[in-house]
Every structure is written in structure tokens, then in C-alpha cells.
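Remember, it's a predicted structure, so these values are computed and weren't measured experimentally.
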Amino acid sequence: MGNESGTFSVKAENHSVNEEAHYSVRSRFYTPPPQFNGCFTTFYQLALDCEEGGTLHDFLQPEWGNIRFFGNTAPRAKIGESLVENARFNATGPSSLPCEFELGTTRMWGIGFLPLGWARFVDADARDLTNTVCDGASHPVFEKFDCLSEVLCDPSVSTEEQLAFLTETLERLMQPNRDENKITRIHTALVGGEHIVVGDLAAECGMSIRTLERMCHRYFGFSPKLLLRRQRFMRSLTSFMLHQGARWTEAMDGEYHDQAQFTREFTQFMTMTPSKYAALDHPILASFMEARARVWGSAAQTLDEPVRFEEL
């Protein structure tokens with residue numbers, strides 16, 4: 001199924017209803033047009049309907065940078081010590097901590113930047129914005145994207161018109177970057193999950209450890225060592241979320257030495273123990289990750305593969 005502009009296509013959609021808790025979540029995923037290959041994770045719409053006055057509470061896992069636009073109620077969102085409330089345009093940098101949020105009935109557009117997208121669209125070192133959530137309209141780095149708010153935050157505008165405006169705006173804002181090939185090599189190696197030490201990662205990427213560290217801080221937000229650890233953790237977390245009734249020992253990535261190491265890393269990345277996390281309801285995240293894995297091929301942004309350029 002396509003839209004009138006011919007620039008985006010709907011890959012699939014998902015709709016889940018919880019009658020007992022009186023809410024429904026509908027998500028629709030779009031494939032960005034080819035001029036944006038490698039720049040973004042999936043573009044998606046989220047429609048959340050709660051009973052009158054009701055809200056949902058959940059935790060997003062560590063991610064790449066994002067911009068999100070809300071057409072009805074806006075969330076209360078917190079990453080570490082960073083907090084934003086009632087902002088229709090939320091922006092985040094790459095994260096190694098959860099985003100805790102509370103949200104009522106709303107319509108939202110979500111756009112996630114892969115490291116290549118950060119390089120082409122964001123004029124700041126990623127490490128300067130890690131674990132940050134803000135009102136994008138008033139942030140000096142993200143404010144240029146606020147031009148999207150008037151259209152994407154207006155539920156009366158058709159999806160086709162919103163997609164066409166999004167495409168036009170992003171094409172205008174995109175700038176090439178001289179480090180694109182290096183970024184894609186690093187990203188490909190990270191997602192491949194074949195390395196556990198920085199030296200091996202640098203060797204596969206064909207660069208020195210010093211260059212690797214510089215590239216990672218500039219475009220990925222974190223040191224190579226932390227990025228490798230985050231990938232390992234996210235493989236474990238998504239496995240647990242996608243297999244209802246699974247035990248952590250079954251979901252735990254094979255690179256962990258034992259459950260104690262996994263528990264320490266889980267607590268660092270999610271600020272709570274695995275058992276506490278498992279005991280919480282995940283009304284939005286569980287449904288969204290399951291749908292994303294089914295229709296997009298990966299359950300989380302950090303597991304999305306970059307485009308592999310021929311020259312690599």
C-alpha cells in the first residue's frame with residue numbers, strides 16, 4: 001500500500017487492545033524512500049487510546065537519537081536526570097539508560113536517527129547529547145526540526161500529506177558527511193555481534209583504536225566498549241520481550257560469563273534489576289517490539305542493520 005506522494009510505503013501495521021485495562025495501541029510502520037537509505041530506523045505512527053483521563057506508564061530501552069511529534073497529549077519523559085513535560089516535539093540523543101514516560105491518548109510520529117542519519121542531519125557531537133530528552137522546539141541543536149511540528153502534530157492533516165511534507169523537509173535538511181563510509185563500517189560490525197573486544201572491532205573496521213573511538217563518540221555517542229556492551233544487552237532484552245514466559249537465563253546473550261554479570265549490566269542499562277523489570281507492565285513497549293520484530297525484522301533500533309554501500 002502506498003500514499004499519494006509516492007515517496008513512502010506502508011510496510012505493515014499492528015493493533016492491540018487491552019479491554020481489561022481500557023486502552024488500545026495501534027502502530028504503523030513506513031519504509032523511508034531510497035534517498036534516506038541508512039539514515040533512519042523505521043518511521044512510524046503510534047495511536048494510543050486510553051479511557052478518559054487515563055495514562056500509561058512504561059520504559060523505553062536504550063536507543064539511538066530520536067525526534068517524536070505528538071498530536072494530542074504530550075508525555076512526561078525522563079532519561080537519567082533529564083526531564084521534559086508537555087512538549088509536543090520531544091527530542092533525544094543516543095541513550096544508555098531507559099526513557100521512563102507517562103502518556104495519555106495521543107497520536108504520534110516517531111523518527112529515529114541511525115548513526116549515519118545523525119551525521120547527515122544533526123550538527124553536534126552525539127556524545128554531547130547522550131541520555132538527554134528535551135523540548136526540541138527550544139533546543140539549539142534540534143530546533144531546526146520544529147518546522148515539522150505544525151503538520152505532524154495536527155491530527156486533521158492526512159497521513160499522505162504528513163508523509164509528503166516530512167519527505168520534503170528532510171530532503172532539504174540532509175547534508176553529506178565525509179565520514180559516511182567509516183560510520184557504516186563501524187555500524188555493520190557492531191550489529192554483526194561478532195566482537196567482544198575493541199581491538200577486534202577496530203581491526204574489522206580497518207582503522208586504529210584511536211580513530212574508532214573518535215568516530216564512535218562523534219556519531220554513535222559512546223565509547224566502542226560501551227557500544228559493544230549495549231548491543232549485547234539489547235540482544236538479551238529483546239529476546240526476553242519477544243518470548244513471553246521466558247526466563248532471563250534463556251534470553252541472556254551467550255557472551256555473558258554468568259547470570260551475575262548479566263544482572264549487573266542490566267541494572268546499569270535499565271536502572272533496575274531484571275526481576276523488577278519483568279514484574280512491571282509494559283503496555284506500549286511489549287506490543288510495539290513484537291510488531292516491530294514481525295514487520296521490520298528487528299525489535300529495537302539498536303539492532304537495525306545499516307545500509308551496506310558497494311564501495312565498502
Drop me the distance from [X]'s [atom1] to [Y]'s [atom2], to the nearest 0.5 angstrom.
X	Y	atom1	atom2	value
S82	N131	OG	CG	8.5 Å
T263	W248	OG1	CH2	9.5 Å
E265	Y256	CD	OH	4.5 Å
F262	R232	CZ	CZ	10.5 Å
C147	F165	SG	CZ	5.5 Å
T184	K182	OG1	NZ	11.5 Å

Side-chain contact test, heavy atoms from C-beta onward, threshold under 4.5 Å: evaluate it for [X] versus [Y] and give yes or no.
X	Y	answer
M272	L280	yes
D123	K144	yes
L103	L56	no
F101	D58	yes
Q45	Q162	yes
S27	L46	yes
H139	L129	yes
F36	M174	yes

For this output row, return yes or no: ring centroids of [X] and [Y] closer than 6.0 angstrom.
X	Y	value
Y30	F40	no
F145	F113	yes
F43	W109	no

Point to revise | Residue that, paired with C216, satisfies side chain to side chain contact (heavy atoms under 4.5 Å, CB included) out of P224, S223, P115 | key: P224

**Study point:** side chain to side chain contact (heavy atoms under 4.5 Å, CB included) assessment of L303 paired with Q231
**Key:** CA-CA 7 Å; L303 303 182; Q231 289 299 116; 4.0 Å; yes

Exam field: side chain [X] to backbone [Y], donor-acceptor pair closer than 3.5 Å:
X	Y	answer
T105	C50	yes
Q301	E63	no
S236	D253	yes
R107	T73	no
N181	D179	no

Minimal non-hydrogen separation, [X] against [Y], with atom names:
X	Y	result
F233	P62	CE2-CD, 4.1 Å
C99	A77	SG-CB, 4.0 Å
V191	P306	CG2-CD, 4.4 Å
R218	V122	NH2-O, 4.3 Å

Check your understanding: How are the rings of H187 and F220 set relative to one another: parallel (under 30°), tilted (30 to 60°) or perpendicular (over 60°)?
Key -> perpendicular

Review point. With under 30° as parallel and over 60° as perpendicular, where do the rings of F59 and H57 fit, or are they tilted in between?
Key: perpendicular

**Study point:** Heavy-atom neighbours of R172 CZ exceed 12 at 6.0 Å
**Key:** yes

Exercise for review: Start with the C-alpha distance between M234 and L237, add both sets of side-chain angles, then the distance that settles side chain to side chain contact (heavy atoms under 4.5 Å, CB included), and finish with yes or no.
Suggested key: CA-CA 5 Å; M234 286 303 303; L237 178 61; 4.2 Å; yes

hydrophobic_cluster_shared for [Y] and [X], side chain cutoff 4.5 Å:
X	Y	value
M108	I79	no
M270	L83	no
I196	L227	no
L116	I186	yes
F142	L166	yes

Check your understanding: Would R127 count as a cation-pi partner of W118, with NZ or CZ less than 6.0 Å from the six-membered ring centre and within 45° of the ring normal?
Key -> no

Point to revise | ring-ring contact (aromatic ring centres under 6.0 Å, His included) assessment of Y219 paired with H217 | key: CA-CA 6 Å; Y219 303 112; H217 281 123; over 10 Å; no

Exercise for review: Name all pairs fulfilling the salt bridge (Lys or Arg N to Asp or Glu O under 4.0 Å) condition that reach into residues 280-289, sequence neighbours left out, sorted by first residue then second.
Suggested key: none

Check your understanding: So does E150 pair up with R88, basic N to acidic O under 4.0 Å?
Key -> yes

Practice item. Could you walk me through whether Q61 and T302 pass side chain to side chain contact (heavy atoms under 4.5 Å, CB included), step by step? Key: CA-CA 10 Å; Q61 73 281 351; T302 50; 5.7 Å; no

Exercise for review: Could you please spell out the steps behind the side chain to side chain contact (heavy atoms under 4.5 Å, CB included) verdict for F266 and Q259?
Suggested key: CA-CA 10 Å; F266 191 103; Q259 190 169 355; over 6 Å; no

